[in-house]
Amino acid sequence: MAKLPPDQQAAVAAGAAAPRQVIGLAEAVALIIGVVVGAGIFKAPALVAGLTGQPGWMFAAWALGGLMSVAGALCYAELSTAYAHVGGDYHFLRRAYGRQVSFLFAWARFSVIATGSIALLGFVFGDYMQRVLPLGDPQAPWGAAAYAALAIIALSWLNMRSVKAGTFAQAWLTTIEVGGLVLIVFAALFLVAGGGAPPADPAAAAPAWPASFGLAMVFVLLTYGGWNEAAYLSAELLDARRNMVRALVLSLLIITALYLLVTWAYWKGLGMAAMSRSDAVAADLLRAAFGAPGAAIISLVIAIAALTSINATIIVGARCSYAAGRDWPLLRRLAVWDPRRGTPANALRVQCAAALLLVLAGAWTGSGFKSMVEFTAPVFWLFFLLAGLSLFVLRVREPATARPFRVPLFPFVPLAFCAMCAYMLWSSLSYVYSQSLGGWNAAWVGVAVLALGGLLLLAAGRKPAAA
């Protein structure tokens, strides 16, 4: 009992089921790596290479992305250890800004952020599975959508069985995913050792500051995105006060090292010019090293990477809906916790259904992945910024709260993180403009769905749900 946060102790005392601390450090690290290391690292390095133009600036962008992510992780480590709660960001926003803002965030998580991420990752899985094992016509959009729907249903069912089943699958999927990244590095070493690597790029004076460096950072930070989901595990993490900091920092150090190694492999194996022109840089590298079988292998690796991120997002996404259901009578059915399986059962079911609807919408538009990216980005960065600012608000409003971990170099580290979030919010509305949902700009459709949450807030009423 003493290991649970006070509100969950009260729920247990009253006979209600509540989350238990069952997730270990290794499982938490696997979850974070699984959320972050998705399809982006197989695509974004080519875009970053083209935007930076020089190896030095390219590697600087990836190193800076890791540094800024660690800064954000330190902010979340303070919030998660001081306010451990299954609701994660939802709980931080509720304490800092009140119930109305937290409700809008819960709505955004359900309708845009989590479900949109699950759908877009489903399309990544479907696109690559269509190359390896096509359903009907390989070019037919319904094939990728069918694979996406099957993956979402299967992984949602797995996580409804038990939290251990979901985290066990996550550990194995993450192992295979990281193995795929190691294979990319090996392919570059194989080319270099065999003399098959391209000649060195002609030397050129590096510009003082690449004109497109800011846009390159947009893709870099999107590829690093997702580590904040660890906050949703704080109520279920063993020895959370120590392991939360360890899980965040350790996972991001591993991710940064992997990203730098994989970027080096692309550069060494293909050369800067070919790398920046590639539409499928990982497949091109494996094809150069091992021929057509290599390209097929990397397609499977990317599909597994997408599955890894889908599974992790399903695990953490449903926990925000569960927390909101505890606070609002309108959403009380989401606050059902299965004590035998250790899962938010109804929240998982509803999340699965909403993600499937977005898969149908993406298949209807014919550009599922890109539409989902633009649909989710602005809303995601808006609330990420508010979560960063909540650190300052809560330090002022609740100075007596015990903080087992405090952000070093305060306030400079949190300010740098908040500045990054503000820039990404602006960029997500400035640079994404090409995709549509139902004839409307996808990014602004996401903003409109968030505004719809204001109407639901009126219907939700003012009286909080009983514990």
Side-chain angles (χ1 to χ4, degrees), residues 25-48 59 61-70 72-73 76 114 117-118 120-125 127-128 151 155 166-167 169-188 218-230 232-233 247-266 280-283 285-286 297-317 369 372-373 376 380:
L25 176 61
E27 293 167 324
V29 170
L31 278 167
I32 298 169
I33 294 176
V35 171
V36 175
V37 182
I41 191 57
F42 301 100
K43 176 70 175 176
L47 300 172
V48 174
F59 287 108
W62 287 104
L64 179 60
L67 181 63
M68 295 306 297
S69 297
V70 170
Y76 266 70
S117 296
I118 292 169
L120 74 87
L121 291 164
F123 278 112
V124 173
F125 173 74
D127 288 341
Y128 279 92
L155 291 175
T167 54
Q170 186 66 27
W172 278 103
L173 287 170
T174 302
T175 300
I176 297 171
E177 178 183 54
V178 172
L181 296 179
V182 173
L183 177 62
I184 290 174
V185 177
F186 175 76
V218 171
F219 291 105
V220 168
L221 289 171
L222 284 173
T223 309
Y224 273 103
W227 50 263
N228 60 298
E229 306 290 359
Y232 293 93
L233 306 177
L248 282 165
V249 175
L250 180 59
S251 60
L252 281 170
L253 290 176
I254 293 172
I255 290 164
T256 302
L258 283 172
Y259 282 5
L260 288 171
L261 274 173
V262 170
T263 301
W264 174 86
Y266 293 145
V281 64
L285 175 61
L286 269 291
I297 289 171
I298 202 62
S299 294
L300 281 174
V301 169
I302 296 172
I304 291 171
L307 280 181
T308 309
S309 295
I310 293 170
N311 189 63
T313 306
I314 286 172
I315 291 172
V316 298
F369 175 76
M372 290 300 106
V373 168
T376 58
F380 170 80

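Quick caveat: nothing in here was measured; it's all calculated off a predicted structure. Only heavy atoms go into these numbers, but all of them, side chains included; no hydrogens, no water, no symmetry mates.
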Say you draw a straight line from CG of Leu25 to CG of Leu250; how long is it, rounded to the nearest 0.5 Å? 6.5 Å

What orientation do Tyr224 and Trp62 show, parallel under 30°, tilted 30 to 60°, or perpendicular over 60°? tilted

Leu155 and Leu307: which non-hydrogen atoms are nearest, and at how many Å? CD1-O, 3.7 Å

Sequence-distant partners of Leu181, side-chain contact (heavy atoms from CB on, under 4.5 Å), two or more places apart: Val37, Ile41, Phe42, Ile184, Leu258, Val262

Between OG1 on residue Thr308 and CZ on residue Phe125, distance to nearest 0.5 Å: 10.5 Å

Side-chain touch Leu286/Ile297, heavy atoms, less than 4.5 angstrom: no

Provide the closest heavy-atom pair for Thr256 versus Gly66 in the form atom of the first, atom of the second, distance. OG1-CA, 3.5 Å

Checking Ala46 now: which residues fulfil side-chain contact (heavy atoms from CB on, under 4.5 Å) with it, not counting sequence neighbours? Val281

Restricting to non-hydrogen atoms, name the atom on Ser309 and the atom on Leu121 that form the minimum distance, rounded to 0.1 Å. CB-CD1, 3.5 Å

CG/Leu248 to OH/Tyr76 distance, rounded to the nearest 0.5 angstrom? 10.0 Å

Hey, are the side chains of Tyr259 and Val220 touching, using non-hydrogen atoms and a 4.5 Å cut-off? no

Distance from Ser299 atom OG to Ile304 atom CD1, nearest 0.5 Å? 11.0 Å

What pair of heavy atoms forms the shortest contact from Ile32 to Ala247, and how long is it? CD1-O, 3.7 Å

Residues passing the side-chain contact (heavy atoms from CB on, under 4.5 Å) test with Leu300, sequence neighbours excluded, are Met129, Val132

How far apart are the closest heavy atoms of Thr223 and Ala44, and which atoms are they? OG1-CB, 3.3 Å

Only residue of Thr175, Leu252, Ile255 satisfying side-chain contact (heavy atoms from CB on, under 4.5 Å) with Ile33 is Ile255

If you compare all heavy atoms of Ile298 against all heavy atoms of Ala283, which two are closest, and at what distance to 0.1 Å? CG2-CA, 3.6 Å

Roughly how far, to the nearest 0.5 Å, is CG of Leu64 from OG of Ser69? 9.0 Å

